[in-house]
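Below is one structure. I have some questions about it.
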2 protein chains.
Amino acid sequence: MRGAVIHAPGDVRFETVDDPKIEKPTDAIIRTVVTCVCGSDLWPYRGLEPIGDPHPMGHEYVGVVEEVGSEVTAVRPGQFVVGSFATSDNTCANCRNGWQSHCLNRVFMGTCQAEYVRIPNAQGTLVATDEHPPEEMLPGLLAVSDVMGTGWYAALAAEVRPGGTAVVVGDGAVGLCGVIAAKEMGAERVIAMSRHEPRQRLAREFGATDIIDERGEEGVALVKEMTGGIGADSVLECVGTSQSMRQALHAARPGGNVGFVGVPHEVAVDGEELFHSHVALRGGPAPVRGYLPDLIDRVLAGHIDPGKVFDLTLPLAEVAEGYKAMDERRAIKTLLKP
Amino acid sequence: MRGAVIHAPGDVRFETVDDPKIEKPTDAIIRTVVTCVCGSDLWPYRGLEPIGDPHPMGHEYVGVVEEVGSEVTAVRPGQFVVGSFATSDNTCANCRNGWQSHCLNRVFMGTCQAEYVRIPNAQGTLVATDEHPPEEMLPGLLAVSDVMGTGWYAALAAEVRPGGTAVVVGDGAVGLCGVIAAKEMGAERVIAMSRHEPRQRLAREFGATDIIDERGEEGVALVKEMTGGIGADSVLECVGTSQSMRQALHAARPGGNVGFVGVPHEVAVDGEELFHSHVALRGGPAPVRGYLPDLIDRVLAGHIDPGKVFDLTLPLAEVAEGYKAMDERRAIKTLLKP
């Protein structure tokens, strides 16, 4: 089969790779229906994370089951399935506690920008839809497998409540999905921090009531102005830099909550400052598996449309251009069709 | 009047100081019934925090109202009152959100090891009991004004739930009160980390089901052993060092909560490690005022007895010995009687 392989920073190639095979009785093989490029894929692409030997890329997917291992009974060949970027057996102590992305048998996906994909822990990871969804639902369902699920978790970790105020730091696909999540959870005011016009427009479409295009302490000052001087109840940190984390912590009110889902790169939180702020902090890879049934329903019912974060669609064979467009900020997120 | 004044590390004196006076219409003056020495008073006493000019000490108190300012109507002269170490108007946005220790008009107490004390924000800060409590209730009510309220907050911040497992890091008065709180909130298992026999005994009396006397990663390994390999649902961090914070974070399970109430001294939390742990972190000075009515009731009903943390009682005139005994760990906590 063919799939994307990263060789060096800026060098992603579409080439022939080994066909995936059932390796364990808990595996499944799916034929990829659509996949995409993630903001986090840009870290190695930009040379900000080591690459090592050339290796496949991609962790977002929806597909049709081709084959299942002997212990997989929850899905069967021919079904359309959505899964999470972090596979989980859905039976271990962490899964039972609702932390499937911390499954004791977790395997992170990493080969999904390809025509076929092996899914470890398929029994606990994959959720089948009743029917094959129509073409126009595919982007939304694909978003659910990572960015929408991650935005959802950010809002939960930030304890968004009906009637509350939520701030979203970061206007990438995850931040934009965070706006959807905050709105769905009943936030009365959803403030998106974004300085890019097309993303501001999408944020408003997704439910943002206010846009702040100032950054850092200037942006924080505006949040305070909008919140009676004290800050927001909930802040979703969707970037992962030291600056964005500071901005998020400062934008939250005393007793408020920051949910952080941008993978932190050289972020240190000062214990004394956190103490005196009274702000709570929770982050991590989102336990998307737990939200899949609900989020799939919301997409299929037409209630949310996170697929709009894909503003560029390319054949999988043009995956290199997909990375390039996101790197150069010509695209928010690239959808790839095998 | 007379009161304690710190002059230099190790040098606390009982001397004549100015009588407190009503300075604002929101003030009250109380005659101190009992007061005490706090673990945090030891930081300047040990030379670990700057002292500057000689100044009064003490932030824990119960007393009888002597005089009130013109805007104070909630308490009247002659009433027995309990207050918090952080005064609050109980009407500002932060107070209404339940974060009285972040009141926009907050004044931290600091002159309570004295015969009389001025209480700012008296209207929102002081809670009167129906009657003057009997002598034997005084230590418990005094504990409520800080250490018991702080232990209570630690358990709330750590989201202790009925049936859950709570670990308490630190066996000072706050940690021991944290054991009481975790038990009251229904934790099925309360694991106290302590290596001092008298404190272990008190922890058991307060409801600890298990004692771990190993520290650091060895202690963490034992917590994991007791919790099916994953860690505790809730961890109360009641020390404030970099080592104790690491121990607390590592003892919590994925998705668990750490409540930290030891004032952090040179503690930095690694963002990436916190991210991958899925642990939530909330700390700060406890909003004790909000808990006062409930905790006073629990003490007066004989339901909890946090006064047992006082294992040394001295006349206020011997305050210097009170500090010395705690510094040398001959006492857990010193109660002082004017």
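Just so we're on the same page: letters track the sequence lines, and every chain starts at 1.
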Structural part of A:V279 lying under 4.5 Å from a heavy atom of chain B: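 For A:V279, the contact with chain B is made by the backbone alone.
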Portion of A:S242 that has a non-hydrogen atom of chain B nearer than 4.5 angstrom: neither
Geometric class of the A:F260/B:F275 ring pair [parallel <30°, tilted 30-60°, perpendicular >60°]: tilted
Taking every non-hydrogen atom, the tightest pair across A:P264 and B:G271: CG-O, 3.5 Å
Aromatic ring pairing A:W99/B:H278, orientation class (parallel under 30°, perpendicular over 60°, tilted between):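 Because their plane-to-plane angle lies in the 30° to 60° range, the rings of A:W99 and B:H278 count as tilted.
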Student check: side-chain heavy atoms of A:V267 and B:E272 closer than 4.5 Å: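 Not touching, per the 4.5 Å side-chain cut-off.
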Side chain, backbone, both or neither of A:I230 within contact of chain B (heavy atoms, under 4.5 Å): side chain
When A:S101, A:P287, A:G228 are compared by non-hydrogen pairs under 4.5 Å with chain B, the top option: A:S101
Whether A:R282 side chain and B:G256 backbone form a donor-acceptor pair below 3.5 Å: yes
Which atoms of A:D233 approach chain B - backbone, side chain, both or neither, heavy atom under 4.5 Å: neither
Closest approach of A:E159 to B:E159 (non-hydrogen atoms, all atoms of both residues): OE2-OE2, 3.7 Å
Interface residue of largest heavy-atom contact number with chain A, from B:V258, B:D270, B:N97, under 4.5 Å: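 Result: the option with the highest number of such pairs is B:N97.
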Top contributor to chain B interface from A:P285, A:A93, A:A268 [non-hydrogen pairs under 4.5 Å]: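 Greatest number of close heavy-atom pairs with chain B: A:P285.
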Largest heavy-atom contact set with chain B, pairs under 4.5 Å, which of A:R253, A:H102, A:H265, A:E273: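 Of A:R253, A:H102, A:H265, A:E273, A:H102 has the most heavy-atom pairs under 4.5 Å with chain B.
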